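Working notes, beginning with the structure itself.
As a basis for the values below, the full set of heavy atoms in this structure was taken, side chains included, without hydrogen atoms, waters or symmetry mates. This one's a predicted model, so the numbers in the text were calculated from it and none came from an experiment.
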Amino acid sequence: PFEGVAWTPRPPQGPPQGCFTCISKPPALRQGSPILSPSSAIYLMESKSCKGDSLRPAVPCKHSVEKKTMTNPTTVIEIYPDTTEVNDYYLWSIFNFVYLNFCCLGFIALAYSLKVRDKKLLNDLNGAVEDAKTARLFNITSSALATFCIILIFIFLRYPLTDY
């Protein structure tokens, strides 16, 4: 009943060419096209996937060339560094502070261990790693010197200097 009145059949076309971004865009009117009334706009309606009609010029897809750079600009993914991998040596520092505090090295190691925890909370990964290295160094030094002194004390208790 509507044939020839408001409907003009178009030749069948194959699948739309181009990428999804170009196909899903609404049709763009050419410059200088007349403004249509709603009743006459039915005559020029088209599907979004139709590429070869009179309203949209046949332009090659610009996205097919640049597939590496095609991203969604509205999606933002924030990736924070995993600060759980930074060891703070807190228990070792407390042990050295309480039992093996040789020349206050255990106290210094405990202070650096607390600095590591603070920097992990602030997501300062580089500062946390540096302070963790310093805390480990002071813990190793404190443990080694205290162990060496304990061994010397046991040796001198077993073999007093009066025997030499």
Side-chain angles (χ1 to χ4, degrees), residues 13-31 33 41 45-53 55-164:
Q13 296 180 356
Q17 300 297 322
C19 68
F20 180 75
T21 307
C22 292
I23 293 170
S24 64
K25 286 183 181 176
L29 295 175
R30 292 185 194 159
Q31 290 182 352
S33 64
M45 287 180 65
E46 65 172 1
S47 67
K48 288 184 181 180
S49 63
C50 183
K51 295 290 264 186
D53 59 90
L55 294 178
R56 189 185 303 172
V59 177
C61 176
K62 66 179 181 182
H63 297 96
S64 62
V65 177
E66 303 175 12
K67 286 197 181 212
K68 291 181 183 177
T69 60
M70 191 170 73
T71 58
N72 188 357
T74 59
T75 303
V76 176
I77 301 173
E78 295 182 9
I79 301 175
Y80 292 106
D82 191 15
T83 58
T84 58
E85 295 177 4
V86 180
N87 195 354
D88 57 5
Y89 305 107
Y90 186 66
L91 292 177
W92 190 12
S93 298
I94 288 178
F95 179 79
N96 281 339
F97 177 63
V98 173
Y99 296 110
L100 307 174
N101 197 7
F102 184 81
C103 294
C104 294
L105 291 177
F107 176 72
I108 296 170
L110 181 63
Y112 274 102
S113 295
L114 292 173
K115 284 177 67 174
V116 171
R117 286 194 168 193
D118 291 341
K119 289 185 179 181
K120 280 170 57 174
L121 288 175
L122 296 173
N123 286 328
D124 182 14
L125 186 62
N126 293 332
V129 168
E130 291 299 319
D131 287 342
K133 287 179 183 179
T134 307
R136 184 181 62 201
L137 176 71
F138 278 114
N139 278 323
I140 290 171
T141 306
S142 177
S143 298
L145 289 176
T147 305
F148 180 70
C149 288
I150 290 171
I151 290 173
L152 281 179
I153 289 172
F154 280 125
I155 288 174
F156 284 125
L157 287 175
R158 175 72 173 106
Y159 304 105
L161 286 177
T162 58
D163 289 344
Y164 294 111

Indicate yes or no: at least one non-hydrogen side-chain atom of Ile140 is less than 4.5 angstrom from one of Trp92.
yes
Contact summary for Ser143 and Leu100, nearest pair of heavy atoms:
CA-CD1, 4.3 Å
Take Leu110 and Tyr90 through the side chain to side chain contact (heavy atoms under 4.5 Å, CB included) test and state the conclusion after the steps.
CA-CA 7 Å; Leu110 181 63; Tyr90 186 66; 3.9 Å; yes
So, for Ala128 and Lys120, which heavy atoms are closest and what is the spacing to 0.1 Å?
CB-CG, 4.1 Å
Considering all heavy atoms of both residues, which atom of Ser142 and which atom of Leu105 are nearest to each other, and what is their separation?
CB-CB, 3.6 Å
Provide the closest heavy-atom pair for Ala109 versus Ser93 in the form atom of the first, atom of the second, distance.
O-OG, 3.3 Å
Rounded to the nearest 0.5 angstrom, the CG-CZ distance for Asp131 and Arg136 is 12.5 Å
Please check: side-chain N/O of Asp88 versus main-chain N/O of Arg117, any donor-acceptor pairing under 3.5 Å?
no
Using the six-membered ring wherever Trp is involved, compare the ring planes of Phe138 and Tyr112 and label them parallel, tilted or perpendicular (cut-offs 30° and 60°).
parallel
Using the rule given for side chain to side chain contact (heavy atoms under 4.5 Å, CB included), can you reason through Val86 versus Val116, listing the C-alpha separation, both sets of side-chain angles and the distance that settles it, and then say yes or no?
CA-CA 8 Å; Val86 180; Val116 171; 4.0 Å; yes
Supply the atom-to-atom distance Asn139 CG to Ile108 CD1, rounded to the nearest 0.5 angstrom.
11.0 Å
What's the separation between atom CG in Leu157 and atom CG in Leu152, rounded to the nearest 0.5 Å?
11.0 Å
